[in-house]
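Numbered from 1 within each chain, the chains take letters A, B, ... in sequence-line order. Note: hydrogens, waters and symmetry copies are ignored here, and every other heavy atom, side chains too, is used.
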Protein chains: 2
Amino acid sequence: MAEAGVIFVGNKPVSSYVLAAVTQFSSGSKRVVLKARGRAISRAVDAAELVKRFLGGNVSYGNIKIGSEKVGEPGKERTVSTIEIEIVKTA
Amino acid sequence: MAEAGVIFVGNKPVSSYVLAAVTQFSSGSKRVVLKARGRAISRAVDAAELVKRFLGGNVSYGNIKIGSEKVGEPGKERTVSTIEIEIVKTA
């Protein structure tokens, strides 16, 4: 994992990401950020909502940012949308 | 349209929603909210990013909220994730 507390949401089942986030909170993290791009954005939102439901009032959303980045080889670049959802421990 | 300044992002091409948002700003709106649920969430983020690129420094993001709602007939309800992206005119 490149950065502490960051989970990249890709093509695995949503439950993998929920488990990863819940595990991080259980092991003492105060803050987890779910990052995704392109079609995985919807999955990141699903995962975030499930983490919130699972951990109840103990977490809430911090910053939610959207943006774009370029992917692909030089000359074949295309722009994809990105999302970052910060989940913060409150209790 | 149910609410002024609200655009529901569904299954049409992204360009439809970009055009709808840009048209609203051109006709004097100070604020447009893109709403989507389920798989259309990624498309709403794409549309928001394109509106921002199209209107340059004249708009910025306001509140970005994610949540869930129940859809479907009673007894067959399921929960879907939702997003609301507020775009605000700054110049």
Self-check item: Option passing salt bridge (Lys or Arg N to Asp or Glu O under 4.0 Å) with A:Glu69 (candidates A:Arg37, A:Lys35, A:Arg78)
Solution: A:Arg37
Practice problem: Decide whether B:Phe54 and B:Leu34 are clustered together by the hydrophobic rule: side chain heavy atoms of Ile, Leu, Val, Met, Phe, Trp, Tyr closer than 4.5 Å, transitively. | Solution: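 Yes.
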Quiz item: Among A:Ala36, A:Ala44, A:Gly38, A:Gly67, which residue forms the greatest number of heavy-atom pairs with chain B at distances under 4.5 Å?
Solution: A:Gly67
Self-check item: Among the listed options A:Ser42, A:Ser68, A:Ala40, the residue most often paired with chain B at heavy-atom distances under 4.5 Å
Solution: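 Result: the option with the highest number of such pairs is A:Ser42.
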Practice problem: Indicate the atoms forming the closest heavy-atom contact of B:Thr79 with B:Lys70, along with that distance. | Solution: OG1-NZ, 3.4 Å
Self-check item: Closest approach of B:Ile87 to B:Phe25 (non-hydrogen atoms, all atoms of both residues)
Solution: O-CZ, 3.4 Å
Quiz prompt | Heavy-atom proximity to chain B below 4.5 Å, by part of A:Arg53 | solution =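 For A:Arg53, side-chain heavy atoms alone lie under 4.5 Å from chain B.
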Quiz prompt | Part of A:Leu50 lying under 4.5 Å from any heavy atom of chain B | solution = neither
Exercise. Could you tell me which of B:Ile66, B:Ile41, B:Thr82, B:Val80 has the largest number of non-hydrogen atom pairs under 4.5 Å with chain A?
Key: B:Ile66
Quiz item: Are the side chain of A:Ser29 and the backbone of A:Gln24 linked by a donor-acceptor contact shorter than 3.5 Å?
Solution: yes
